[in-house]
Amino acid sequence: MPMEKTFNAAEAEARISKLWIDQKVGRAGANAKPGAQAFSIMIPPPNVTGSLHMGHAFNNTLQDILIRWHRMRGHDTLWQVGTDHAGIATQMVVERELAKAKAPTRRDMGREAFLAKVWEWKDQSGGTIINQLKRLGASCDWDREAFTMSGNFPDAVIKVFVDMYTKGLIYRGKRLVNWDPHFETAISDLEVENIEVKGHMWHFKYILAGGETYEYVEKDAEGTVTLREKRNYISIATTRPETMLGDGAVAVHPSDARYAPIVGKMVHLPLCDRLIPIITDEYPDPAFGSGAVKITGAHDFNDYQVAKRANLPCYRLMDTRATMRTDGAPYDVAVARAREIAAGSPTTEAEVDSLNLVPEKYRGLDRFEARKQVVADINAAGLAVTVLVKTIDEETGSEALHLEPVVDNKPIMQPFGDRSKVVIEPMLTDQWFVDTAKIVGPALDAVRNGDTVIMPQSGERTYFHWLENIEPWCISRQLWWGHQIPVWYDTEGNHYCAPSEAEAQALAPGKVLTRDPDVLDTWFSSGLWPIGTLGWPDNTPELQRYFPTSALITGADIIFFWVARMMMMQLAVVDQVPFKTVYLHGLVRDAKGKKMSKSLGNVIDPLEIIDEFGADALRFANAAMASLGGTLKMDTQRIAGYRNFGTKLWNACRFAEMNGVWDGHTTATTPPQVTATANLWIIGETAKTLAEVDAALTDYRFDTAADALYKFVWGKVCDWYVEFAKPLFDGPAAAETRATMAWVLDQSMILLHPIMPFITEELWATTGQRAKLLVHTDWPTYGADLITPEADREMAFVTTLIDDIRSARAEVHVAAGLKVDLVATALSPEARAAWGRNDSLIRRLARLDGFSEGPAPKGSITLALDGAAFAIPLAGLIDIAEEKARLSKTMDKLAKEIGGLKGRLNNPSFAASAPEDVVDEAKANLQAREEEAAKLQAALKRLAEIG
RNA sequence: GGGCGGUUAGCUCAGCGGUAGAGCACUACGUUGACAUCGUAGUGGCCACUGGUUCGAUCCCAGUACCGCCCA
């Protein structure tokens with residue numbers, strides 16, 4: 001059955017994909033030669049409930065290219081696939097589903113029932129993204145699919161926690177953390193997005209205690225006094241008025257002369273029956289606002305630091321949902337105790353945390369409602385800083401002056417939860433932390449000394465910058481879906497860390513224990529992905545074989561979340577780097593460079609692209625985009641272009657089929673012995689392409705590899721070689737040309753296979769008797785010995801001649817269908833040989849009729865080549881003036897080139913300083929250009945004689 | 001504010017010391033034993049700007065402007 005005109009991607013991809021999966025072509029070690037080196041990649045595990053987006057498609061294409069390339073080379077490959085349980089994300093999805101189904105909420109059904117629901121959801125939708133990866137052509141080892149909550153993974157995670165705890169690398173502490181009031185959990189710094197929003201700055205007066213006053217003096221830059229007044233207050237500015245209820249002090253910079261008279265004095269905290277001190281600290285910026293800052297240790301990260309330095313109590317004002325506290329003693333009781341503490345009464349952190357200093361009227365209010373109330377009450381109390389405002393009564397037209405509170409409208413950076421999108425509240429809570437400072441050293445060293453290479457190099461700088469300034473990592477989450485923390489508490493609050501309840505109990509004989517309800521940050525477990533998927537803590541054969549892994553291909557956006565943490569944790573746990581090379585790429589954007597987002601409506605669904613253009617086209621586009629460090633703009637037009645590229649290859653094979661190239665074809669391991677120049681040449685071009693592809697993939701330059709293949713298949717094989725073959729099929733070299741074409745197209749399929757696996761696998765099966773699937777066919781190893789320099793030179797002459805004839809014909813408007821004669825007016829021996837050996841090719845491609853040697857006939861157009869000159873007699877067919885113009889244009893170009901070359905060569909310091917080969921090249925170039933110019937000059941002269 | 005990038009043809013991007021490339025788009029023409037998802041020819045660039053290093057700079061260095069991204 002003859003081949004169809006185009007490749008039917010939709011039909012073939014499903015069939016081929018099934019074939020690969022059924023035959024387990026991607027299983028660990030498949031197609032490995034005995035004693036082969038290992039090559040392994042861990043897939044960045046997608047969220048179990050996720051679906052494939054362009055970023056995944058891009059990322060996994062690159063991994064698959066590497067894996068297929070190494071596998072064809074006979075290396076012992078493993079592409080480890082799996083998914084991540086994605087704590088917050090998954091819990092969020094399931095809670096949303098429950099709400100949609102009007103089912104009981106998480107809290108109503110309780111932990112156990114809820115987790116059962118999550119597992120149900122996982123079983124239902126967890127396979128989606130894995131199946132989508134299969135559509136992309138990913139050749140993972142599907143039998144090894146891992147999940148961060150299954151198999152050995154939970155045990156591995158627990159063991160690491162216990163080990164790290166035992167070594168003092170994990171500790172519990174009350175710290176100010178980012179609190180997500182929607183999920184009611186702590187989150188890490190990295191899970192917070194700081195977004196600029198419209199905010200307000202309010203200015204309040206805190207009145208000095210005991211009726212004290214001071215002289216407030218403001219000076220300009222020259223030291224001239226601009227304001228001098230008696231004040232009984234200090235002015236503070238805040239964007240978060242509601243937190244003033246928990247203030248512990250007012251801070252000013254030690255160098256701020258304005259407040260020097262009142263440092264150490266007490267002020268009345270408005271709306272509260274408390275006095276707080278004015279203290280000095282380096283933190284306030286004297287140039288910003290009034291220069292005085294209220295210090296609320298429990299609700300601001302900067303203030304927390306100040307409070308720690310000044311030993312101020314940090315009073316927590318809100319509950320887990322960020323509403324004002326309702327717990328604890330009545331306000332008057334709480335505040336009485338707070339006054340005692342302020343007066344020096346001994347206290348504990350736990351007691352301070354238990355004191356609810358929210359006045360009764362604000363208790364139970366949402367934080368934003370509380371803000372409105374506080375502002376209103378401050379204004380009512382006359383404690384707002386005010387300004388005189390003139391208003392005009394519309395009816396009477398009378399003007400009136402009155403005081404209004406100062407409220408600045410200004411953009412402020414506000415923290416939002418990256419999942420919940422609600423405003424994050426700094427909150428003082430007990431959490432578990434990894435003491436990252438203690439494990440960061442080896443991770444830094446490994447990259448510094450090259451054990452792990454990060455590419456592009458800018459990623460390395462980012463990595464260093466972050467790790468050198470690393471903060472403790474909060475790893476506890478107040479969620480249910482995840483690895484529960486292996487710590488048990490007794491009734492006195494002591495804790496016991498052990499792998500199991502029985503072992504914890506053994507540490508606390510006779511005590512009643514309850515387990516810490518919290519779970520670990522998802523990234524704590526995914527940080528163990530490389531060893532966890534290989535069976536650690538058991539020393540499995542896979543662990544020995546494939547660890548450390550060869551390469552990690554991942555988005556630059558998770559360098560901190562994941563890459564750096566995997567480095568730290570693998571080094572901490574097994575004392576080895578997790579991977580030798582890290583390849584970081586950017587976010588896939590739309591054609592205009594915009595981030596793809598649902599709200600912008602510019603999301604390109606990779607599955608729709610696959611439906612329309614085929615997976616190969618998408619993959620080729622991904623490879624072609626993957627220049628190191630470049631931005632990734634996904635343009636469907638470009639994908640269409642690569643679909644066309646596939647069609648081009650398809651049709652070259654179809655042409656071969658029509659010409660009997662595939663009759664009885666079996667895979668040849670070596671190229672045929674040939675004599676025709678065109679055949680020698682294309683065999684050499686194939687070898688050059690192999691070298692380029694190998695070099696490019698070695699350097700992770702997927703774009704360079706794609707480019708080399710595109711240029712070879714389209715630009716060399718299809719544009720030239722297939723055309724050359726047409727006349728050759730009619731001559732004595734027909735048999736060797738068929739053999740050459742079969743070999744060259746086979747090689748094209750092989751070399752393209754890592755990037756375009758489907759169409760090449762299909763062609764492979766269509767075009768011959770094959771011992772193996774293409775996916776397991778040996779990658780070639782031939783070298784420069786297949787390149788014939790003489791053939792290259794000769795074909796360069798032939799193609800240049802054809803190009804020049806075509807150009808000349810087009811420029812003087814010779815009808816495309818018209819065959820013309822060609823007269824060689826000058827020929828070097830090489831040119832004569834080339835001309836003679838390839839006349840049928842030249843004749844056909846340049847639409848020529850007669851071939852002769854001799855002087856240029858009258859009314860010819862002239863071509864000048866390196867070592868030859870030709871005339872095309874066109875008497876009566878062409879316009880002499882047009883030909884003159886054409887020659888002049890070419891002359892102008894040559895003259896410009898000659899000018900440049902002469903300029904360089906005439907510069908004495910060029911000859912003196914430039915390398916010899918550069919000088920020689922310039923000289924040779926100049927000579928060749930001058931010869932061409934002379935020929936054209938002669939032609940112009942002849943034209944002038946005609947008229 | 002700190003860090004990391006980018007600025008090359010109308011668009012999207014390669015190149016990164018020897019005088020500029022691809023794809024797409026555009027224009028004209030459609031002869032051809034596969035391909036109109038095509039062929040042939042062509043148009044199009046002070047390689048952001050200013051200095052420096054060099055015999056020579058789009059490429060290296062410094063600065064300026066503008067645009068991104070990450071972290072505060």
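Predicted model only: the values in this text are computed from it and were never measured. In the text below, chain A, chain B and the rest are named by the order of the sequence lines, each starting its count at 1.
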>> Quick check: do A/Phe58 and A/Leu618 have side-chain heavy atoms less than 4.5 Å from each other?
In response: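 Counting from C-beta outward, A/Phe58 and A/Leu618 never come under 4.5 Å.
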
Please classify the nucleic acid contact of [X] as base, sugar-phosphate, or nothing, using heavy-atom distances under 4.0 Å.
X	result
A/Asp730	base
A/Cys653	nothing
A/Ala912	nothing
A/Phe645	nothing
A/Arg654	sugar-phosphate
A/Pro908	nothing

> Is the shortest side-chain N/O distance from A/Lys5 to OP1 or OP2 of B/A36 below 4.0 Å?
Replying inline: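 Answer is yes, contact under 4.0 Å.
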
>> Between A/Ser807 and B/G42, is there a contact of a side-chain N or O with OP1 or OP2 at under 4.0 Å?
In response: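 Checking A/Ser807 against B/G42: at least one side-chain N or O falls below 4.0 Å of OP1 or OP2.
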
>> For A/Phe712, does the six-membered ring have the charged nitrogen or CZ of A/Lys688 within the cation-pi criterion, i.e. under 6.0 angstrom from the centroid and within 45° of the normal?
In response: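 No, A/Lys688 and A/Phe712 do not form such a contact.
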
When you measure from the side chain of [X] to the backbone of [Y], do you find a donor-acceptor pair of N or O atoms at a distance under 3.5 Å?
X	Y	answer
A/Asp616	A/Phe758	yes
A/Arg847	A/Arg806	no
A/Arg843	A/Leu848	no

Between [X] ([atom1]) and [N] ([atom2]), how many Å, whole number?
X	N	atom1	atom2	answer
A/Leu745	B/A34	CG	P	15 Å
A/Phe301	B/A72	CZ	C1'	12 Å
A/Asn651	B/G33	CG	C1'	14 Å
A/Ile558	B/C71	CD1	P	13 Å
A/Arg809	B/U31	CZ	C1'	8 Å
A/Ile759	B/U37	CD1	P	15 Å
A/Met455	B/G5	CE	C1'	17 Å
A/Phe702	B/A14	CZ	P	15 Å

Considering only the [atom1] atoms, how many Å lie between [N] and [M], rounded to the nearest integer?
N	M	atom1	value
B/G6	B/C16	P	13 Å
B/A65	B/U12	C1'	24 Å
B/A62	B/U19	P	26 Å
B/G5	B/G15	P	15 Å
B/U58	B/A14	C1'	13 Å
B/A48	B/A57	C1'	16 Å
B/C46	B/G42	C1'	23 Å
B/C60	B/G18	C1'	15 Å

>> Checking A/Trp764 now: which residues fulfil ring pair (Phe, Tyr, Trp, His ring centres under 6.0 Å) with it, not counting sequence neighbours?
In response: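 In terms of ring pair (Phe, Tyr, Trp, His ring centres under 6.0 Å), with neighbours along the sequence ignored, A/Trp764 is linked to no residue.
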
>> One character per nucleotide, please: for nucleotides 22-27 of chain B, 5' to 3', B when the base has a protein heavy atom closer than 4.0 Å, S when only the sugar-phosphate does, - otherwise.
In response: -SSS--

With both distances kept under 3.5 Å, what pairs with [N], Watson-Crick or G-U wobble?
N	value
B/C69	B/G3
B/C55	B/G18
B/C11	B/G23
B/A62	B/U50
B/G33	none

> Where each residue is assigned the nucleotide of RNA chain B containing its nearest heavy atom, which of A/Phe729 and A/Thr462 is assigned the position nearer the 5′ end?
Replying inline: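 Nearest-nucleotide comparison on RNA chain B picks A/Thr462.
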
>> For A/Ala640 and A/Ser913, find the nucleotide of RNA chain B closest to each by heavy atoms; which residue's nucleotide sits nearer the 5' end?
In response: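 Closer to the 5' end of RNA chain B: A/Ala640.
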
Assess whether one donor atom and one acceptor atom, taken from the side chain of [X] and the base of [N], lie less than 3.5 Å apart.
X	N	answer
A/Arg806	B/U40	no
A/Glu723	B/A34	yes
A/Arg904	B/U19	yes

[X], nearest nucleotide to its side chain (from [options]):
X	options	result
A/Arg847	B/G5, B/G18, B/U32	B/U32
A/Met658	B/C71, B/G18, B/A34	B/A34
A/Thr647	B/U37, B/C70, B/G39	B/U37
A/Ser909	B/C55, B/A34, B/G2	B/C55
A/Lys648	B/C55, B/A34, B/G33	B/A34

> OG1 of A/Thr767 to CE of A/Met3: how many Å apart, nearest 0.5 Å?
Replying inline: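 Going from OG1 on A/Thr767 over to CE on A/Met3, the span is 7.5 Å.
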
>> Tell me which one of A/Asn679, A/Asn659, A/Asp730 satisfies side chain to side chain donor-acceptor pair (under 3.5 Å) with A/Thr737.
In response: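 Among A/Asn679, A/Asn659, A/Asp730, the one that satisfies the side chain to side chain donor-acceptor pair (under 3.5 Å) with A/Thr737 is A/Asn679.
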
> With the threshold set at 4.0 Å, does a side-chain nitrogen-carboxylate oxygen contact exist between A/Glu468 and A/Arg448?
Replying inline: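 A salt bridge links A/Glu468 with A/Arg448.
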
> Between A/Arg654 and A/Glu657, does at least one N-O distance fall below 4.0 Å, as a salt bridge requires?
Replying inline: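 No.
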
>> So which atom in A/Leu763 and which in A/Cys653 form the shortest heavy-atom distance, rounded to 0.1 Å?
In response: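 Closest approach of A/Leu763 to A/Cys653, heavy atoms only: CD2-CB, 3.8 Å.
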
